[in-house]
Structures are given as C-alpha cells and as structure tokens.
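Notes to accompany the following structure.
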Amino acid sequence: MSKGLPDLNKDFSGWYTQVVNKAGLADYGPVKGTMVIKPYGFQLWEHIKEIFDGMIKNTGHVNAYFPLFIPKSYLAKEAEHVEGFAKECAVVTHTRLKADSEKGVVVDPDSKLEEEIIVRPTSETIIWAMYKKWIQSYRDLPILINQWANVVRWEMRTRLFLRTSEFLWQEGHTAHETAKEAEQETLDILELYRQLAEDYLAIPVYTGIKTESEKFAGADTTYCIEAMMGDKRALQAGTSHNLGQNFAKAFDVTFQTKENKEEYVWATSWGVSTRLIGAVILTHGDAKGLRLPPKIAPIQLVIIPIVKNDDQRQEIKNYMEPLIAQLKDIEIRVHQDWSSNSPGFKFNEWEIKGVPVRMEIGPRDIVENQVVLARRDTGEKLFIDKEDFKENIIKLMNDIQSGLFEQAQNFRNKNTHSVTDYKSFQKIIKEGGFVRCGWDGEQSTEAKIKEQTAATIRCIPFDEKQEGLTCILTGEPAKHEVIFAKAY
RNA sequence: CGGAGCGUGGCGCAGCCCGGUAGCGCACGUGCAUGGGGUGCACGGGGUCGCAGGUUCAAAUCCUGUCGCUCCGACCA
C-alpha cells in the first residue's frame, strides 16, 4: 500500500524522515544540522507566512529587519538571557580566508576580530539596543515591530524542520507604556497563534503558561501553544513572552510619561518558526504520507488524466478545459500531472505529497459526464456530476480542512488523561499521551518527574482547575493543574 | 577525550579474507507496448573505489599514514 514508507506505528521517526524526503519538502545541507527547504516545503512556509503576516498587520504591527550579526557584548547584558543561549551561539572570530597550498583555504590569522560577533539566536538584544535610540517619550510608544528572519542555534541533535541549526521564523518585538498593555499584547498574539494553528494548520492546541524552568530565558512569563503529534508526544508550536522590564533595564530603555516621569519600557516578544511545518507533518500524516490542510497546501487539487492514446489526450483536454476555468474562478491551486508515469504511480506520489484532492479524468468520465474525486483525508472516492463541480469542490475543501482538525482533536482528546496517582501517570507517559494532574509548584518536583519519566510540564493550561487537586508526586496541595508529556 | 565501525556511479550496498579489465538494486536516458492503485520488455549513460605514500609485473583488495562521517561512552541538558 505505501511502498517504501516505514510503518508509522512502529517507526514514527523513520516515517517522518522518509516523508520529508519523499514528499520533496527538504533536504540536508552540507553543514551538520542545516536544512535546505525545497520548493514544495517552502510553499508551505510561504502560506503560513502570508496568513500570519496578514493577522499581525490587521492588528497594527509592521515589519522591519535587524542585522544577523550582534556584538558579543550585547548578549551579556541580560543575565538570564545569556544563560539560555550562550551554549548554542555561532561566533564569528575572523573576517578573511587566504589561499593555502596544502589545505586550499585557511582562516587568515591576521583578520582576527577585536570584538567577536555572534550570529543571532534571537534578536532581543540588538532590537532593544536600537529601541533605546528610538524611544524617548510615551508618544513613541507603542512600538509594534515584527521581523521575518533566520536565526542560528548550534544544536547537537537535529531533525529537519523540528530542530535545525538555522531556521526561519518571525519574531515580534513590542514596546509599551504599561505592564498591562504588554500583558495584553502577549495574550493577543497568543490568540493569533492559536488561530493560525487551529483554523489554518488544523492543529488543535492547548494554550497556557510555561513553568519557570521551561520559560524563555529573559521573560517574566512565557505563554505557549502546545500540540500533540501523531506519536502522542508534545510539540511546542509557538511562544509569546511577556518580557516585563527586563530588557528595558538591561539596555537602559526609558521613556517620559505624560506626567513627565521617567520609566522603563515594558516589552514583549513572540515567535513561530518553520517548526510549524514539522507540526503539520507529524499531526496529520498517515500511512500513505502527508495530509495537508487545504488552506496551506501548495497544490490543493491534482488532476490525473487517464489516457491510452493521443486522440484521447485531446478529448480529455477539451473535457477538462471548462473545469479548470471553474477552479481558477474559485482560486483553487491546481496541478495537472501529464507525466508518463502510470496512474497508480501518480496516485501514490501525490498522496505522499499530501495533496487534499485528486481528480481523475478518463474516458469513462467523459461518457458519464462526471469527474472522479478522491479525498486525501479519508481516502473516499466521489463520483460527481460535471454540472455540480464548482460547489462540490468548495465544499470538499472546507470539509477536508475541518475534517483534519476534528480528527486531530479527537486523537488528542482521546490521549489526554486526567490522573491523580503517580502509577497511572507513569503508565500513560510510558505508553504515550498527555497527562493533566496537580503539581505543587516546586521546580524540584518538576525535575524529579523529568528524571524518572522523561516527561516535562508542557504548560499550565488556561483552563486549569487546581481546586482540590494534590501534587502527582509529593501529594502536597496542588498549586496548579498542569499538562505533562514527553516533548520534541 | 576513550572505544567501535564505515568511506566503492545520485542513493543503498556487494566485491577486500585469498591482488589479475569494478558489479548489483533503486534512480536516470531512449524506444516500443501499457495506462481507473507503485506497468512490462529491450537498449543505454554514469564511478580519480575518501586522500597520500609504500609493497608488487599488477592494488578497491595487502601495509603505513592521513582526512571525513556514524554509533557508543564521556561531557552537557
């Protein structure tokens, strides 16, 4: 059935790697941990980008671009932030190479930099250094800037899309007059992330707060969206940070209030990355390969003509013409596969690539005045009358979009368990799934559980009900209800 | 840093022990047939055998060195 794909129930990780490869999404770069995003994969990113870019522009944000290179000294200014990123920074130490008779080229020792430069792992520091110059008065606030960029984090263990040394993302960096305003911004963005994930990527997410040990280094509070992948592990799909006045203090960014007082600026930052593509693959994929939500699919409908000879070829082209015009009317992204591969081969190939709808057109359909549609999400084949074509396609795309979401949501709900005893906790974590339970709020408890089960607190969900709960490990009264899971 | 293993067409591998014109599968190209679930047949293109030295009439194969990668351990989380 799915020749060449590992069984996703037995070897999920092998399945993932093969799907990424066979669907033509990405390839490995020559430097360890780097990734080439191929056109088919990049189109997914382009759609995600367009959608989210529209969302933030509608809410008053603007795009800008800050440099890739950051003075090393900047990173040292915010203590916690250094802690978090120091161990995975690429550092530029020299500026030149020179020819070498034996080794080809060598680093020119004469070009050593006085102050070394780091490649951004995130841009808070350089942005706040700039905001210092730009902000004097409350009249300069708020600043609502976003940038689409690449960042580098030198990772040891990498996987395409999920964790690579260089990745693409958007990072929003906002500056506000009040704590309240910054908090509102952080939450507003989280809501946009939720919409992006659920309404467009068809990935259901839990929204909540990160614990102290899981939050962004340098933030007061980190909010997140957490999703369940097909192997029941958790994937952090987006984070929104309330940075408080941490960076304002580190970079001495103050403003004059209406009352002519000097105050530190309040900040937020937030990001989603190409990791979302990994999330789409791991959430919706099945034994046959990818299943893409129509809203982001590079190709929403693929046409596979079934032809025996040249006469038929022309006949089918004629038959297809008005149909393609209709698809164009309703702005469906269409691809026709006239390649010389056999129909069966094409079916499988486009299924691996996750195209939501396949349309087969052959001699029989011309006789019947129909088209054959196959849904990628359910595998169902539909024979529809040519006259009802347009309406059917629109409905079908919507059905597939919501169908994928519902399937994922059912799967997640079925594998999220509320428990009160540690034995059940361990069992679920071992077998796979999310656990909702009480936690005493102690970092040491969290650490012990991680050590014993490899599960971490994914978030304190917004809809937590901690009343009457006790801590899953210590039995102390619970400070929070939390979601535990093994994470990517 | 310690241990082990691997470098041979694009990919995956065999050949090495026991030296004698470099092979298989997939992929690729051409042609014919086929075409509603990975189609078949025929022909064809493509490799400094990681690199450098050595032994030999002759090295992918034996010896020495070297570079690179992978896994395990260590370190880190």
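A note on names: the letters A, B, ... follow the listed sequences, proteins ahead of strands, and every chain is numbered from 1. Please read all numbers here as calculations on a predicted model, not as lab measurements.
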Can you tell me how far [atom1] in [N] sits from the matching atom in [M], rounded to whole Å?
N: B:C67; M: B:G20; atom1: C1'; result: 30 Å
N: B:C32; M: B:U70; atom1: P; result: 47 Å
N: B:A33; M: B:G46; atom1: P; result: 28 Å
N: B:C26; M: B:U64; atom1: C1'; result: 37 Å

Nucleotide N/O of nucleotides 32-35 of chain B paired with protein N/O under 3.5 Å:
from, atom 1, to, atom 2, distance (Å)
B:G35, O6, A:Lys308, O, 3.4

Just by distance, no angles: are the side chains of A:Thr17 and A:Trp15 close enough, under 3.5 Å, to form a donor-acceptor pair?
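Result is no, nothing qualifies.
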Could you state the atom-to-atom distance from [atom1] of [X] to [atom2] of [N] in whole Å?
X: A:Arg364; N: B:G36; atom1: CZ; atom2: C1'; result: 5 Å
X: A:Phe345; N: B:G40; atom1: CZ; atom2: C1'; result: 15 Å
X: A:Glu349; N: B:C26; atom1: CD; atom2: P; result: 18 Å
X: A:Ile303; N: B:G36; atom1: CD1; atom2: C1'; result: 16 Å
X: A:Gln443; N: B:A77; atom1: CD; atom2: P; result: 14 Å
X: A:Trp350; N: B:G36; atom1: CH2; atom2: C1'; result: 18 Å
X: A:Tyr28; N: B:C69; atom1: OH; atom2: C1'; result: 14 Å
X: A:Glu155; N: B:C76; atom1: CD; atom2: P; result: 18 Å

Given the rule in the ring-ring contact (aromatic ring centres under 6.0 Å, His included) test, do A:Tyr193 and A:Tyr223 qualify, once you have shown the distances and angles that lead to the verdict?
CA-CA 11 Å; A:Tyr193 284 161; A:Tyr223 298 94; over 10 Å; no
Hey, which of A:Arg375, A:Lys22, A:Arg376, A:Arg358 is the one that makes salt bridge (charged side-chain N to carboxylate O under 4.0 Å, His left out) with A:Glu351?
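Among the candidates, only A:Arg358 passes.
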Heavy-atom donor-acceptor pair, A:Arg333 side chain to A:Pro294 backbone, under 3.5 Å
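Between the backbone of A:Pro294 and the side chain of A:Arg333 there is a qualifying donor-acceptor contact (under 3.5 Å).
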Do the side chain of A:Asn369 and the main chain of A:Asp365 share a donor and acceptor less than 3.5 angstrom apart?
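A pair under 3.5 Å: no.
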Identified stems (criterion: three or more consecutive Watson-Crick or G-U pairs, under 3.5 Å), RNA chain B:
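As far as RNA chain B goes, consecutive pairing (with distances under 3.5 Å) yields the stems B:1-7 with B:67-73, B:10-13 with B:23-26, B:28-33 with B:39-44, B:50-54 with B:62-66.
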Just verifying a value: how many Å separate A:Thr274 OG1 and A:Leu168 CG, rounded to the nearest 0.5 Å?
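With rounding to 0.5 Å, OG1 (A:Thr274) is 5.0 Å from CG (A:Leu168).
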Has the side chain of A:Glu351 got a donor or acceptor atom sitting under 3.5 Å from an opposite partner on the base of B:G37?
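Counting by modelled atom types and ignoring angles, a donor-acceptor contact under 3.5 Å is found here.
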Looking at A:Lys288 and A:Glu349, is there a salt bridge between them, counting it only when a charged N and a carboxylate O are closer than 4.0 Å?
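No, this pair does not count.
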Look at the side chain of A:Lys87 and decide which nucleotide, out of B:A77, B:G36, B:G37, has an atom nearest to it.
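The answer is B:A77, which lies nearest to the side chain.
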Tell me whether the rings of A:Phe425 and A:Phe484 are parallel (<30°), tilted (30 to 60°) or perpendicular (>60°).
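Judged by the thresholds at 30° and 60°, the geometry between A:Phe425 and A:Phe484 is perpendicular.
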Atom of A:Leu201, atom of A:Pro293 and distance for their closest heavy-atom approach:
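Nearest pair, atom of A:Leu201 first, then A:Pro293: O-CG, 3.3 Å.
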